[in-house]
Trainee: 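To start, I am sharing the structure in question, which I have written as structure tokens.
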Amino acid sequence: MTGGAEFSPVRRSSAASEAMRSIQEMIVDGRLSPGARLPAERELSELLGISRPTLRETIRSLVSMNILESRHGSGTFVAALDTATLLEPLQFVMALNDRTVDELFEARLLLEPALAALAAARADAAQVAAMRAAMNDRDRVAADVTLHRLVAEAAGNALLSTMLQTLSTLGRASRAMTASRPGVLRRTAAEHQAIVDAIDRRDAAAARDAMAAHLNRIAGAARRTAGAGGPDH
């Protein structure tokens with residue numbers, strides 16, 4: 001059921017937020033794992049020391065955040081907690097706001113050139129070979145996503161790689177739209193080649209510069225696409 005997780009009563013003030021925090025902490029520290037079933041409503045409200053209406057409010061909020069999922073007739077479960085699912089509410093917000101295109105690329109420009117430089121210092125032959133193989137994918141959008149992921153993984157920093165995965169997930173809807181602009185994919189392929197060649201040569205400065213040049217050009221295409229009604233690549 002809950003893997004022996006011990007629920008603690010929460011303070012009466014702002015009970016719903018405290019209950020949300022308590023459940024989130026239990027997920028973060030591993031006391032509740034993805035797929036775990038929460039106790040029944042009556043039991044859980046007693047364990048947390050809140051009313052059943054407050055518990056329902058808490059559950060609704062966590063379900064809307066894709067942290068919990070309610071299954072009719074079965075109960076409430078911890079969701080799969082994959083990055084794409086957790087970011088769906090934020091993707092909705094981004095889709096409503098063209099300004100976020102600039103913010104997304106600002107974040108990528110801070111992160112990805114540094115990852116490329118680290119990859120040049122740390123990538124092994126197998127990782128470089130995987131990057132070159134990714135560039136041969138006929139699905140150019142898939143090739144783009146895969147290559148950026150492989151560069152991040154070759155950087156050897158799991159935290160930075162996860163941060164990039166978050167940014168990539170947020171930009172996935174706009175990515176395909178930008179790719180449809182004339183000439184974008186052909187120039188992207190050449191830029192990817194320059195990035196991988198620099199990594200293969202262990203030239204951190206060149207890898208950083210090649211990634212920055214690539215992202216700056218794509219950012220311009222994304223802004224033009226956003227102005228016409230859609231964003232990124």
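Residues: numbered from 1 along the sequence shown.
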Trainee: Checking the side chain of T58 only, and the main-chain atoms of T54 only, is there a donor and an acceptor separated by less than 3.5 Å?
Mentor: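 Indeed, once roles are kept as given, a pair shorter than 3.5 Å links the two residues.
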
Trainee: Grab the two heavy atoms, one from F105 and one from I218, that are nearest each other, plus how far apart they are.
Mentor: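 So the minimum-distance heavy-atom pair works out to CZ-CG2, 3.6 Å.
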
Trainee: What's the spacing between D144 CG and D137 CG if we round to 0.5 Å?
Mentor: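 With rounding to 0.5 Å, CG (D144) is 11.0 Å from CG (D137).
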
Trainee: Specify the closest pair of heavy atoms between A120 and A198, including all atoms of both residues, with the distance to one decimal.
Mentor: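 Closest approach of A120 to A198: CB-O, 4.3 Å.
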
Trainee: Mind checking whether V78 and I67 have side chains closer than 4.5 Å, heavy atoms only?
Mentor: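 Answer no - side chains too far apart.
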
Trainee: CG of L104 to CG of L109: how many Å apart, nearest 0.5 Å?
Mentor: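 Going from CG on L104 over to CG on L109, the span is 9.5 Å.
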
Trainee: Has S61 got a side-chain atom pairing as donor or acceptor with E57's backbone, closer than 3.5 angstrom?
Mentor: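 Checked: pair present.
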
Trainee: When L55 is tested against each of T76, L48, L47 for side-chain contact (heavy atoms from CB on, under 4.5 Å), which residue passes?
Mentor: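 With L55 as partner, T76, L48, L47 yield a single side-chain contact (heavy atoms from CB on, under 4.5 Å), made by L48.
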
Trainee: Return the set of residues passing salt bridge (Lys or Arg N to Asp or Glu O under 4.0 Å) with E41 (not counting sequence neighbours), or none when no residue passes.
Mentor: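 Once residues adjacent in sequence are excluded, the partners of E41 under the salt bridge (Lys or Arg N to Asp or Glu O under 4.0 Å) criterion are R52, R56.
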
Trainee: In Å, rounded to the nearest 0.5 Å, how long is the span from CG of L164 to CG of L159?
Mentor: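 Those atoms lie 11.5 Å apart.
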
Trainee: Tell me, do M211 and V151 make a side-chain contact under 4.5 Å, heavy atoms counted?
Mentor: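 The answer is yes, as the side chains (C-beta and beyond) meet within the 4.5 Å cut-off.
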
Trainee: With the side chain counted from C-beta on, respond yes when T188 and R217 share a heavy-atom pair under 4.5 Å apart, and no when they do not.
Mentor: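 SC-SC contact between T188 and R217 confirmed.
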
Trainee: Quick one: closest heavy-atom pair of A119 and I199, and the distance?
Mentor: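 It is O-CG2, 3.7 Å.
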
Trainee: Can you get from F77 to L62 by hopping between Ile, Leu, Val, Met, Phe, Trp and Tyr side chains that sit under 4.5 Å apart?
Mentor: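 The answer is no; the residues belong to distinct hydrophobic clusters.
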
Trainee: Assess the side chains of S70 and R60: does a donor N or O sit below 3.5 Å from an acceptor N or O?
Mentor: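 There is no such pair between these side chains.
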
Trainee: Using 0.5 Å steps for rounding, measure from the CG atom of L111 to the CG atom of L215.
Mentor: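 The CG atom of L111 sits 9.5 Å away from the CG atom of L215.
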
Trainee: If I compare all heavy atoms of E69 with all of A80, which pair ends up nearest, and what's the gap?
Mentor: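 Closest approach of E69 to A80, heavy atoms only: OE2-N, 4.4 Å.
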
Trainee: So does R208 pair up with D203, basic N to acidic O under 4.0 Å?
Mentor: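 Not counted as a salt bridge, because no side-chain N and carboxylate O are separated by less than 4.0 Å.
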
Trainee: At their closest point, which heavy atom of Q127 faces which heavy atom of R122, and how far apart are they?
Mentor: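 Taking every non-hydrogen atom into account, OE1-O, 4.1 Å.
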
Trainee: Quick check on side-chain contact (heavy atoms from CB on, under 4.5 Å): which of L147, L150, D197 does R132 satisfy it with?
Mentor: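 Among L147, L150, D197, the one that satisfies the side-chain contact (heavy atoms from CB on, under 4.5 Å) with R132 is D197.
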
Trainee: Hey, does the side chain of R37 reach the backbone of S74 with a donor-acceptor pair shorter than 3.5 angstrom?
Mentor: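 Such a contact is found between R37 side chain and S74 backbone.
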
Trainee: If we only count heavy atoms from C-beta on, is the E112 to H214 side-chain gap below 4.5 Å?
Mentor: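 The answer is no; the side chains never approach within 4.5 Å.
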
Trainee: Please test N157 against M163 for side-chain contact (heavy atoms from CB on, under 4.5 Å), starting from the C-alpha separation and ending with a verdict.
Mentor: CA-CA 10 Å; N157 185 307; M163 290 169 66; over 6 Å; no

Trainee: For V196, is there any backbone N or O sitting under 3.5 Å from a side-chain donor or acceptor partner on D200?
Mentor: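 Flag not set: sc D200 to bb V196 has no pair under 3.5 Å.
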
Trainee: Salt bridge check: are E25 and R21 linked by an N-O gap of less than 4.0 Å?
Mentor: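 Salt bridge between E25 and R21, a charged N being under 4.0 Å from a carboxylate O: no.
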
Trainee: In Å and rounded to the nearest 0.5 Å, what is the CE to OG distance from M26 to S33?
Mentor: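 Rounded to the nearest 0.5 Å, the CE-OG separation comes out at 10.5 Å.
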
Trainee: Taking all non-hydrogen atoms of both residues into account, name the closest pair between A123 and M131 and its distance.
Mentor: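 Looks like CB-CE, 4.5 Å.
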
